[in-house]
Amino acid sequence: MVLKVTDSPFSQEQVELLNRLLPTLSEVQKVWLSGFLAALHKVESPMAAGFQAASTANGPVISKEVTVLCGSQSGNSQKLAKVLTGKLQEHGFHVTLSSMSDFKTNTLKKVENLLVVVSTHGDGEPPDNAISFHEFLHSKRAPQLVGLRFSVLALGDTSYELFCQTGKEFDKRLEELGGKRLTPRVDCDVDYEEQASEWMNQVLASLSETSVTQVAAASAVIGTGTQTEYSRSNPFQAVVLENLNLNGRGADKETRHLEISLEGSNLEYEPGDCLGVYPKNHPDLVRELIDAMGWKPEELVPIHKNGEERTLEEALSSHFEITVLTKPLLEQAVKLSSGNGLQELLAEGREQELRDYIRNRDLLDLVEDYDLKGVPAKEFVSILRKLPPRLYSISSSLKSYPDEVHLTIRNVHYQAHGRDRYGVCSSYIANRLETGDTLPVFVQHNPNFKLPANPDIPLIMIGPGTGVAPFRAFLGEREELGATGKTWLFFGDQHFSTDFLYQLEWQRWLKQGVLTHMDVAFSRDTSEKVYVQHRMLEKSKELYQWLQAGAHVYVCGDEKKMAHDVHAALVTILQQEGGLDSEEAVAYLKRMQQEKRYQRDVY
């Protein structure tokens, strides 16, 4: 459709602008724009657009009381829950926002409108602060929830087999208990912001009995004029100040200490927070993929559904994930080319074969193994997900290093299926990032891994390898504050001579009294491998005394092995020194988690 001056009330200049804009809009954008204009025309106050009608319409009166519960490991769900709360309050709702660990379960049966924002951690498990509520809801103590209206926003990662499992379980269980959905559950991948915003608008529309387009229009007008902030969707281009290898000569590993300037960003962080980093894919993999497909690197391809384009080489380098295979990706790839055997791999009953195939393989493997050559580049990139940022525990205190942030990153590289493989972000930082270069970053606040407000409380910190990063931040902060509470650090790696990360700093803090005790475990320096959990068990009596004295326990690092072994060691210590049986010991640690005395930053 082409507008003409004679057909419309617009000037020639306005018609030309509209004719350039309209063909570029998607159907979703056209619907949104129509709702936006309708809302502007219909009401004087955009914030009130469409919402007054709900209170006067025929039908039941809708409660303005809403409970928002969040379960979060790294802070994403908590951040979204706060955004949702703000939107609800702007539209006149009375909102109770709570972490699942803080929610009083005996009040659940009184809740009329419940909104759940929850991530999935590890292999389909609830995040730490959602465990107790998840167990309660699936127990016989859970009440019938007839009259409850609910909706679930689930966060996850499609590279994991049990994608959004925790959100799915909450959604199913709330329905089993008698609840009715306000809106269908939405499952978000790592690039979650757009889907989350659409879910929020759907929820607001359902609660207000008005249209989604009016909600979107009102929200858009409310947000107009707010100061732009650096964030996940608008990262700060930070200058690299230092990029050093922490490991000694001859080490089997390479660990980078990265110092980054935040000057001019107004970004702030606290110990326990993470820094999000947008990396670039390895240039060798990008070139090999383009060559294998017979594409031209300078060809323009869309990187966003609004039509924004980049060259294929830049798109594959900086905008799309090409190193991880997922089942949803393979299901989309089947549609691009048939008769190559990929459909058989996805057939029912071959789940284990599929799992084995996608492990440690990338997009180049897929196109070579299943002969996808010939698929046009524009079609192919349309099935790829965006290159997600990598989150790293911050290893500095802002009080110690104003306008700076430090990271501790292990360079990942290995061989699999006959080819060299590289960690996307770690290899970019270790091999291709120079001092003076810029890096797109944002701060990811993590309220679930924080120092106690009382500086006199003793701390037990367990962080092997790069898991020690946040504890460098903790001790730097406590040094600046003059905190007097005792501190105990357990650190482990392979070799004392090459892998003792930040050794001189720990020694300085031990001498100054900022660090009270330090136990180390270097697994390859002895005939029998010794890890941090073994050092904990060796000091079980003193550790138990610290726990009884109210110490806070922090664990950072590998979730699959280390965190489970450390947890098991704590259970054993409680049994041996406290005389508890296994159930009592587990319950003791659960109470510590609920009291925020036992916090984990594990991955």
Side-chain angles (χ1 to χ4, degrees), residues 28 31-32 34-36 38-40 42-43 45-71 77-100 103 107-118 133 137 144-155 167 170-175 177-188 192-223:
V28 172
V31 170
W32 185 94
S34 66
F36 175 78
L40 283 178
K42 188 174 181 180
V43 292
S45 170
M47 188 181 296
F51 297 105
Q52 295 299 321
S55 61
T56 58
N58 293 328
V61 176
I62 296 174
S63 171
K64 304 293 282 186
E65 302 290 334
V66 181
T67 297
V68 177
L69 294 183
C70 63
S77 295
Q78 200 144 351
K79 178 182 176 182
L80 288 174
K82 287 181 179 179
V83 172
L84 173 62
T85 297
K87 283 177 173 282
L88 289 163
Q89 290 172 337
E90 285 167 350
H91 293 126
F93 290 94
H94 308 293
V95 187
T96 300
L97 170 63
S98 175
S99 165
M100 290 181 180
F103 181 67
T107 65
L108 180 59
K109 58 187 176 184
K110 300 177 184 177
V111 175
E112 295 180 67
N113 298 306
L114 176 65
L115 302 176
V116 173
V117 185
V118 67
F133 183 64
L137 208 63
Q144 289 299 303
L145 300 175
V146 177
L148 175 76
R149 304 195 311 160
F150 73 92
S151 188
V152 176
L153 179 68
L155 270 61
F170 274 122
D171 185 62
K172 179 182 177 183
R173 184 58 175 159
L174 289 169
E175 182 184 42
L177 292 172
K180 303 296 181 186
R181 290 184 185 83
L182 277 162
T183 63
R185 184 190 75 249
V186 170
D187 298 334
C188 298
Y192 59 79
E193 289 183 318
E194 195 166 324
Q195 277 184 289
S197 179
E198 291 173 0
W199 174 79
M200 290 181 195
N201 288 339
Q202 291 279 359
V203 164
L204 276 165
S206 183
L207 284 169
S208 308
E209 290 192 344
T210 188
S211 73
V212 176
T213 50
Q214 286 177 317
V215 169
S219 297
V221 177
I222 292 164

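For the numbers below, each heavy atom of this structure counts, side chains included, while hydrogens, waters and symmetry mates do not. FYI, the numbering just counts along the sequence from 1.
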Worked check of side-chain contact (heavy atoms from CB on, under 4.5 Å) between Val152 and Arg181: CA-CA 9 Å; Val152 176; Arg181 290 184 185 83; over 6 Å; no
Heavy-atom pair with the smallest gap, counting every atom of Phe150 and Asp171: CE1-OD1, 3.3 Å
Least distance between heavy atoms, Ala154 atom then Arg185 atom: CB-CD, 4.5 Å
Stepwise side-chain contact (heavy atoms from CB on, under 4.5 Å) test for Tyr192 and Leu153: CA-CA 10 Å; Tyr192 59 79; Leu153 179 68; over 6 Å; no
Distance-minimising heavy-atom pair for Ala196 and Cys188: N-SG, 4.2 Å
CA sep, side-chain torsions, deciding dist, call: Leu115, Leu88, side-chain contact (heavy atoms from CB on, under 4.5 Å): CA-CA 11 Å; Leu115 302 176; Leu88 289 163; 3.9 Å; yes
Within-4.5 Å side-chain heavy-atom neighbours: Gln195 and Asp187: no
Trace of the side-chain contact (heavy atoms from CB on, under 4.5 Å) decision for Leu80 with Leu155: CA-CA 10 Å; Leu80 288 174; Leu155 270 61; 3.9 Å; yes
Reported CG-to-CG distance for the pair Leu108 and Leu145, which is rounded to 0.5 angstrom: 5.0 Å
Distance, nearest 0.5 Å, that separates OG of Ser77 from CG of Leu69: 12.0 Å
Atom pair CE (Met100) and SG (Cys70), whose distance is rounded to the nearest 0.5 Å: 7.0 Å
Geometric class of the Phe103/Phe133 ring pair [parallel <30°, tilted 30-60°, perpendicular >60°]: perpendicular
Straight-line distance of Leu84 CG to Gln89 CD, nearest 0.5 Å: 9.5 Å
Lys64 to His91 - nearest heavy-atom pair and separation: NZ-O, 3.8 Å
Interatomic spacing from CZ in Arg149 to NZ in Lys180 - rounded to 0.5 Å: 12.5 Å
Partner of Leu148 under side-chain contact (heavy atoms from CB on, under 4.5 Å), chosen from Asn113, Leu174, Leu177, Leu182: Leu174
Check: Thr85 side chain, Ala81 main-chain N or O, donor-acceptor pair, under 3.5 Å: yes
